[in-house]
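Presented below is the structure to which this report refers.
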Amino acid sequence: MELNKYSKAITTHGAQPAAQAMLHAIGLKKEDFNKPFIGIASTGYEGNPCNMHLNDLSLEIKKSIDSNKSVPLIFNTIGISDGISMGTDGMKYSLPSRDLIADSIESVVSGMSYDALISVVGCDKNMPGALMAMIRLNRPSILVYGGTIAPGCYKGKKLDVVSAFEAWGQKVSGTITDEDYDNVISKSCPGPGACGGMYTANTMASAIEAMGLSLPFNSSNPAVSNDKAQEKKIISKSILNLIKKDIKPLDILTKSSVENAVKLITVLGGSTNAVLHILAICKTANINFTIDDFQRISNNTPYLADLKPSGKFLMEDLHNIGGIPAVMKFMLNNNMIDGSCLTVTGKTIEENLKDVNGLKENQKIIMPFDDPIKKTGHIRILYGNLANNGSVAKITGKEGLYFKGSAKVFNSELEANNAISNGLIDKGDVIVIRYEGPKGGPGMPEMLKPTSAIIGAGLGKDVALITDGRFSGGTHGFVVGHISPEAYVGGNIALIKNNDIIVIDAEKNEINVMIDEDDLNERRKNWLQPTLKISTGVLTKYSKLVSDASNGCVTT
């Protein structure tokens with residue numbers, strides 16, 4: 001078995017003297033040229049707690065890899081902090097960064113002829129971006145999640161980043177003092193690690209572990225923990241084992257492993273962003289998996305986890321009762337997942353879980369099957385005259401299953417945020433935020449700020465919000481996103497007027513505006529596509545290339 005299948009093109013070929021000379025310049029010896037080259041892609045950067053520790057983690061992983069058997073080489077790619085960019089024009093760059101990350105990792109590994117890849121990731125778009133690159137390259141690979149942040153604390157209450165967003169709504173509504181507001185902000189995020197609840201980062205990390213493309217416990221070991229520090233020893237052995245056995249991502253990723261992932265995030269109450277990302281991952285891997293498969297799985301999978309944003313607990317709490325492997329063992333024992341799927345350990349899920357301890361007794365986070373939080377999943381795929389091609393709702397049952405209200409229409413998130421902060425939203429309103437889709441945004445920004453403000457103002461059960469944009473994993477309440485077709489391409493959401501009646505039915509999985517087709521067609525005659533908000537640069541390119549939300553917002 002050739003271990004240097006790709007790097008030999010530059011290290012052993014007699015017609016590549018300049019390449020070999022440059023490799024000597026970085027400290028390699030001639031005897032290194034027959035070893036496999038392992039690229040370590042770090043998404044580390046100083047500006048974000050999710051990623052601030054990843055360059056150091058990448059270096060520790062490099063040091064742990066046996067240099068007598070391989071050549072590990074670190075390179076970097078970009079990241080955008082969703083939490084920092086939220087509510088600003090910077091959020092338009094978040095989803096496009098997923099594809100930039102995929103493109104850049106693919107480019108470096110292919111361009112530099114690396115034989116294997118370790119991707120070290122933190123924030124939301126790092127994970128699917130890195131995984132898409134791993135699939136495109138299809139060389140022995142492991143994804144490494146940097147881990148979840150520790151909880152903050154103020155006045156005896158655990159805090160996380162969503163606590164800060166919701167505090168804004170409390171301040172706007174006058175239910176929190178300035179002193180408490182400042183303390184919540186300063187104490188919500190105490191150090192390194194990704195947002196602490198079952199938000200998008202922890203959702204995608206859990207899903208990727210269930211897919212078999214990261215090591216057991218990787219998704220639930222906290223960023224600042226001895227367990228996370230010890231992972232590097234297992235990573236170094238595992239990547240060499242994958243190279244030796246030539247086990248590649250497409251040997252691991254199958255429709256069954258994807259279904260395992262979707263079942264897990266349904267049990268956990270994970271982020272709706274997982275719909276976009278898993279669709280994109282499946283398209284990259286040429287796996288036939290659609291938004292309707294999410295609904296099929298949701299119909300037959302209970303929602304069991306009392307995790308934030310809808311529940312009380314954080315990822316660190318889940319770690320303390322056994323972590324994601326304990327949850328997967330619980331599911332395996334109840335015939336919910338396929339244990340025969342291969343993983344990056346070189347073993348199957350069932351083999352990995354054989355000696356794993358189950359969930360701790362008397363734990364309060366994962367409910368029993370006979371007493372679920374909700375008998376079916378929280379992710380609902382809604383269709384109707386507002387979403388001919390589909391939309392995505394996150395309905396935990398706590399906010400109800402049916403909402404009927406009058407529309408208050410905004411052509412941007414900023415307009416909606418101003419209306420909320422000025423007290424212009426009333427009980428019974430359906431807030432409509434449009435022209436924030438993948439093409440019209442451009443970039444399909446997340447909108448945690450308006451949903452958190454609604455919750456913070458105490459209107460979570462009394463107001464609904466719909467959009468052709470998307471929501472943060474930290475969002476909860478009666479919300480529907482990913483509406484497709486989006487407003488910018490003439491979807492019916494572009495035709496809604498103030499005071500139109502909108503009905504959201506999460507039992508029938510429908511979303512409709514109570515206007516007959518003739519009236520909608522009449523309105524369409526007067527609709528004009530607006531000028532794109534940004535006319536140069538990467539977002540313009542993205543707007544021209546990106547598919548709709550129901551197809552994963554892919555650009556290839």
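Worth knowing before you read on, the calculation uses all heavy atoms, side chains too, and leaves out hydrogens, waters and symmetry mates.
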So, [X] and [Y]: side-chain donor and acceptor under 3.5 Å apart, yes or no?
X: Asn4; Y: Tyr114; result: no
X: Asn76; Y: Asn55; result: yes
X: Asp227; Y: His319; result: yes
X: Ser7; Y: Asp115; result: yes
X: Ser271; Y: Thr200; result: yes
X: Lys374; Y: Thr376; result: yes
X: Thr555; Y: Asp99; result: yes
X: Thr77; Y: Ser104; result: yes
X: Asn126; Y: Tyr145; result: no

Is the side chain of [X] donor-acceptor paired with the backbone N or O of [Y] at a distance under 3.5 Å, no angle test?
X: Asn334; Y: Met336; answer: no
X: Asn260; Y: Met211; answer: no
X: His53; Y: Gly146; answer: yes
X: Asp548; Y: Ser484; answer: no
X: Asn388; Y: Pro485; answer: no
X: Lys35; Y: Ser67; answer: yes
X: Ser391; Y: Leu382; answer: yes
X: Ser70; Y: Pro72; answer: no
X: Ser310; Y: Thr396; answer: no

[X] versus [Y]: any side-chain heavy-atom pair under 4.5 Å?
X: Ser94; Y: Arg470; result: yes
X: Leu401; Y: Ile395; result: yes
X: Lys308; Y: Ser163; result: yes
X: Phe369; Y: Pro302; result: yes
X: Arg380; Y: Ser298; result: yes
X: Ile247; Y: Leu342; result: yes
X: Asn48; Y: Cys123; result: yes
X: Pro216; Y: Thr345; result: yes

Nearest heavy-atom pair of [X] and [Y]: which atoms, and what distance?
X: Ile265; Y: Ala274; value: CD1-CB, 3.5 Å
X: Tyr199; Y: Cys195; value: CD1-CB, 3.5 Å
X: Leu353; Y: Lys329; value: O-NZ, 3.2 Å
X: Asn389; Y: Ser550; value: O-OG, 2.7 Å
X: Gly469; Y: Met447; value: CA-CE, 3.7 Å

For the pair Phe289 and Phe294, evaluate ring pair (Phe, Tyr, Trp, His ring centres under 6.0 Å) and give the outcome as yes or no after the intermediate values.
-> CA-CA 8 Å; Phe289 197 88; Phe294 282 91; 5.4 Å; yes
Only pairs at least two apart or in different chains count here, so list each side chain to side chain donor-acceptor pair (under 3.5 Å) that has a residue in residues 205-215.
->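 Qualifying pairs: Glu209-Ser219.
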Any pair counted as side chain to side chain donor-acceptor pair (under 3.5 Å), so long as it reaches residues 236-245, sequence neighbours left out =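 Not a single pair qualifies under side chain to side chain donor-acceptor pair (under 3.5 Å).
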Pair Lys312 + Asp317: basic N to acidic O under 4.0 Å |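 A salt bridge is absent here (no side-chain N lies under 4.0 Å from a carboxylate O).
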In terms of side-chain geometry, is the basic nitrogen of Glu446 or Lys125 positioned less than 4.0 Å from the acidic oxygen of its partner?
->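 Yes.
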For atom NZ of Lys232, is the number of surrounding heavy atoms from other residues, nucleotides or ligands below 6.0 Å larger than 12?
->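 Atom NZ in Lys232 is crowded, with more than 12 foreign heavy atoms closer than 6.0 Å.
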Using the side chain to side chain donor-acceptor pair (under 3.5 Å) rule, take Asp292 and Tyr383 through it: C-alpha gap first, then chi angles, then the decisive distance, then the call.
-> CA-CA 10 Å; Asp292 296 326; Tyr383 288 93; 2.7 Å; yes
Does Arg136 have any salt bridge (charged side-chain N to carboxylate O under 4.0 Å, His left out) partners at least two apart in sequence or in another chain, and if so, which?
->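 Partners of Arg136 under the salt bridge (charged side-chain N to carboxylate O under 4.0 Å, His left out) test: Asp103, Glu106.
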Listed partners of Asp293 passing salt bridge (charged side-chain N to carboxylate O under 4.0 Å, His left out), at least two apart =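 Scan of Asp293 (salt bridge (charged side-chain N to carboxylate O under 4.0 Å, His left out), adjacent residues dropped) gives Arg296.
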Between Arg139 and Tyr6, is NZ or CZ placed under 6.0 angstrom from the six-membered ring centre and within 45° of the ring axis?
->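 Yes.
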Go through the steps for Glu486 and Lys439 under the test salt bridge (charged side-chain N to carboxylate O under 4.0 Å, His left out), then give the verdict.
-> CA-CA 8 Å; Glu486 63 176 285; Lys439 289 184 178 294; over 6 Å; no
May I have the step-by-step check of salt bridge (charged side-chain N to carboxylate O under 4.0 Å, His left out) for Lys228 and Glu231, ending in yes or no?
-> CA-CA 5 Å; Lys228 181 60 67 178; Glu231 282 183 22; 3.1 Å; yes
Taking atom [atom1] of [X] and atom [atom2] of [Y], what is their separation to the nearest 0.5 Å?
X: Lys248; Y: Asn138; atom1: NZ; atom2: CG; result: 6.0 Å
X: Arg98; Y: Leu131; atom1: CZ; atom2: CG; result: 11.0 Å
X: Ile381; Y: Ile379; atom1: CD1; atom2: CD1; result: 7.0 Å

Apply side-chain contact (heavy atoms from CB on, under 4.5 Å) to Ser256 and list each qualifying residue two or more places apart in sequence or on a separate chain.
->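 Here the qualifying residues are Thr254, Asp338, Cys341.
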Which residues satisfy the side-chain contact (heavy atoms from CB on, under 4.5 Å) test with Pro151, sequence neighbours excluded?
->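 With neighbours one apart ignored, the set is Lys158, Leu314, Glu316.
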Apply the side chain to side chain contact (heavy atoms under 4.5 Å, CB included) test between Pro438 and each candidate in Leu545, Val546, Leu276; give the one that qualifies.
->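 Exactly one candidate clears the test, Val546.
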Which class fits the ring pair Phe403 and Phe478: parallel under 30°, tilted 30 to 60°, perpendicular over 60°?
->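 Phe403 and Phe478: tilted rings.
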Can you list the steps and then say if Asn352 with Thr343 is a side chain to side chain donor-acceptor pair (under 3.5 Å)?
-> CA-CA 9 Å; Asn352 287 344; Thr343 75; 2.9 Å; yes
